[in-house]
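Notes for the one structure printed next.
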Amino acid sequence: MHEYFMEQAIIEAKKALEYDEVPVGAVIVLGDEIVGRGFNQREMLADPTAHAEMIAIREAARHLGSWRLTNTRLYVTLEPCPMCAGAIVNARIHTLIYGVIDPKAGAVSSLMNLVQDPRLNHRVEVIEGICGETCGKLLKDFFSSLRKQAKNNQER
């Protein structure tokens, strides 16, 4: 079950690639229904908050008619950053499932664990590593391509 919904998040991540965005995708699930989808759109929207998770959370809230996303599961290809982790807690998302860690900005297991901080009023169940190889490859290939482009531009 987790693999199916993570594959849906991967489809969203691939949409980001079409816009030269960092390939991160997210879906929010209630029961067996996807109620929110998102992919990174920071460059396209010139919006620092346009992360995949934030877009999926907004869409799910509109779909459900509530900011409280209790009993939902968020599937995201990359470990959430502090902003997104805070939004996950504030939205009362029950479970976070992510594909690969983010050692530079991750706020779930890498740099800190914001979503399970006992000082906050809500804690999130976390499952990591679902389809991690695929999620990691998308990101590695994207950044490798960027480095190649930068190198080619310098040689010109």
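All heavy atoms count here, side chains included; hydrogens, waters and symmetry mates do not.
- Expressed to the nearest 0.5 Å, how far CZ of Arg92 lies from OG of Ser66 amounts to 10.0 Å.
- Contact record, Pro80 with Ala85: CB-N, 4.1 Å, taken as the closest heavy-atom pair.
- Using a cut-off of 4.0 Å between Lys/Arg side-chain N and Asp/Glu carboxylate O, Lys15 and Glu12 are scored as salt-bridged.
- In the hydrophobic clustering of this structure, Leu64 groups with Leu74; members are Ile, Leu, Val, Met, Phe, Trp, Tyr whose side-chain heavy atoms approach within less than 4.5 Å, directly or through other members.
- Within the 4.5 Å cutoff, the side chain of Glu3 has no heavy atoms near those of the Ile10 side chain.
- Side-chain contact check for Glu125 versus Leu96: every heavy-atom pair is 4.5 Å or farther apart.
- Put simply, the side chain of His94 does not reach to within 4.5 Å of the side chain of Val124, judged on heavy atoms.
- The OG1 atom of Thr77 lies 13.5 Å from the CD1 atom of Ile130; values are rounded to the nearest 0.5 Å.
- Under the 4.5 Å side-chain contact rule for hydrophobic residues, Tyr75 and Ile88 share a cluster.
- Side-chain contact between Val115 and Arg123: absent, with no pair of heavy atoms (C-beta onward) separated by less than 4.5 Å.
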TODO: Could you give me the CA-CA distance, side-chain angles and deciding distance for Gln8 and Ile34, then say whether side chain to side chain contact (heavy atoms under 4.5 Å, CB included) is met?
DONE: CA-CA 9 Å; Gln8 296 302 304; Ile34 294 175; 3.8 Å; yes
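- Between Met83 and Thr49 the shortest side-chain heavy-atom distance falls below 4.5 Å.
- Linking ILVMFWY side-chain heavy atoms closer than 4.5 Å, directly or via other members, places Val76 and Met54 in two distinct hydrophobic clusters.
- Residue Ile55 is tested with Arg58, Glu53, His51 for a side-chain contact (heavy atoms from CB on, under 4.5 Å); the sole match is Arg58.
- The closest side-chain donor-acceptor pair between His2 and Glu7, if any, does not fall under 3.5 angstrom.
- Judged by distance alone, the side chain of Arg147 and the main-chain N or O of Phe142 form no donor-acceptor pair under 3.5 Å.
- A single hydrophobic cluster is not seen to contain both Met112 and Leu78; linkage of ILVMFWY side chains at heavy-atom distances under 4.5 Å, directly or through other members, places them apart.
- Under a hydrophobic-cluster definition in which Ile, Leu, Val, Met, Phe, Trp and Tyr are linked whenever side-chain heavy atoms come within less than 4.5 Å, directly or via other members, Val35 and Ile11 are assigned to different clusters.
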For a quick test of your reading: what N or O donor-acceptor pairs under 3.5 Å do the side chains of residues 20-30 make, sequence neighbours left out?
from, atom 1, to, atom 2, distance (Å)
Glu21, OE1, Arg42, N, 3.3
Glu21, OE1, Glu43, N, 3.2
Glu21, OE2, Glu43, N, 2.9
Glu21, OE2, Met44, N, 2.6

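- Distance check: Thr134 OG1 to Lys137 NZ gives 9.5 Å after rounding to the nearest 0.5 Å.
- Summarising the geometry, atom CG belonging to Leu17 is positioned 9.0 Å from atom CG belonging to Leu139; distances are rounded to the nearest 0.5 Å.
- Using a 4.5 Å heavy-atom threshold, the side chains of Ile93 and Ile57 count as touching.
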If you look only at distance, which donor and acceptor atoms sit under 3.5 Å apart when one is on a side chain in residues 98-111 and the other is two or more places apart or in another chain?
from, atom 1, to, atom 2, distance (Å)
Tyr98, OH, Ser109, OG, 2.7
Tyr98, OH, Glu128, OE1, 2.8
Asp102, OD1, Lys104, N, 3.2
Asp102, OD1, Ala105, N, 3.2
Ser110, OG, Glu79, OE1, 2.6
Ser110, OG, Asp102, O, 3.3

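- The shortest side-chain heavy-atom distance between Ile97 and Phe5 does not fall under the 4.5 Å cut-off.
- Not counting sequence neighbours, His122 has no partner by the side-chain hydrogen bond (donor to acceptor under 3.5 Å, both in side chains) test.
- A distance of 7.5 Å separates CG in Asp32 from CE in Met1, rounded to the nearest 0.5 Å.
- Environment of NE2 in His63: crowded, with over 12 heavy atoms of neighbouring residues, nucleotides or ligands closer than 6.0 Å.
- Side chains of Glu59 and Arg37 form a contact here, defined as non-hydrogen atoms less than 4.5 Å apart.
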